[in-house]
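Below is one structure; the comments refer to it alone.
Side chains are part of it too, since the values below use all heavy atoms of this structure and drop only hydrogens, waters and symmetry mates. Order of listing sets the numbers, starting from 1, for every ligand and every atom in it. Keep in mind it's a predicted model, so treat the numbers as computed, not measured.
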Amino acid sequence: MKNRNTIIALAITSAATMAHADIADPGVYSPFNNAQAKITFIGSSAGYTGVMNWINPDISASVALLNNHESAIGDSVILPTIFQAGERIDFSYEVIRGGLDLFETSDAADWAQFRVDASDPANVWIGVEDIRLPGGDSDYNDAVFQVSFIQVVPTPGSMTLMSAGVLMVSRRRR
Ligand SMILES: [Ca+2]
Ligand SMILES: [Ca+2]
């Protein structure tokens, strides 16, 4: 419990720091080839309820990932796609209870709702302001997520399955 409180405090401090940044493109980019992206819920201090979605360009649709009031801190989702270095990932945040709204990192008109800290490109933080500016209080802690990139073996699906099999075998031996 102490750890969780520390994480929330860090999330809120970090988001507050980010609030002073200028409006910038909140796009997240893979720093690696053959990377998986894991989205982790860091914390929330908000009255409204919202859902973080991944905008999947392959199907032009949003995929719900995490909820700022229902997800537990540390809950994570791995996106079902392998990203190449420099490939952009966009998200949307939909407020589903409170001041209903939808914010997309792919829409410049919504960029002010997001603050991104990519100082560690393999562990990017996204803070959301869930009330459309200038109405919102710009605390950017209404929902905070981390996007972690993990390099995977650069092989076709069969090889990935094989390596997974090897991993299972080695675990059984223990
Ligand atoms: Ca706010
Ligand atoms: Ca807040």
What verdict does the side-chain contact (heavy atoms from CB on, under 4.5 Å) test give for Glu129 and Asp142, after you've listed the backbone C-alpha separation in whole Å, the side-chain angles of each residue and the deciding distance to 0.1 Å?
CA-CA 6 Å; Glu129 167 51 54; Asp142 301 325; 3.2 Å; yes

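Checked for salt-bridge contact, Asp90 and Arg88 meet the test: a charged N lies under 4.0 Å from a carboxylate O. With respect to the salt-bridge test (charged N to carboxylate O, under 4.0 angstrom), the residues Arg97 and Asp130 do not qualify.
Ring geometry, Phe41 versus Phe145: the interplanar angle falls from 30° to 60°, so the pair is classed tilted.
With rounding to the nearest 0.5 angstrom, the CD1 atom of Ile126 is 14.0 Å from the CD atom of Gln113.
Near-neighbour remark for the Ca ion (ligand 2): protein N, O or S atoms under 3.0 Å are Ser45 O, Asp139 OD2, Asn141 OD1, Asp142 OD1; waters not counted.
For the residue pair Ser62/Asn53, the side-chain donor-acceptor check at 3.5 Å is not satisfied.
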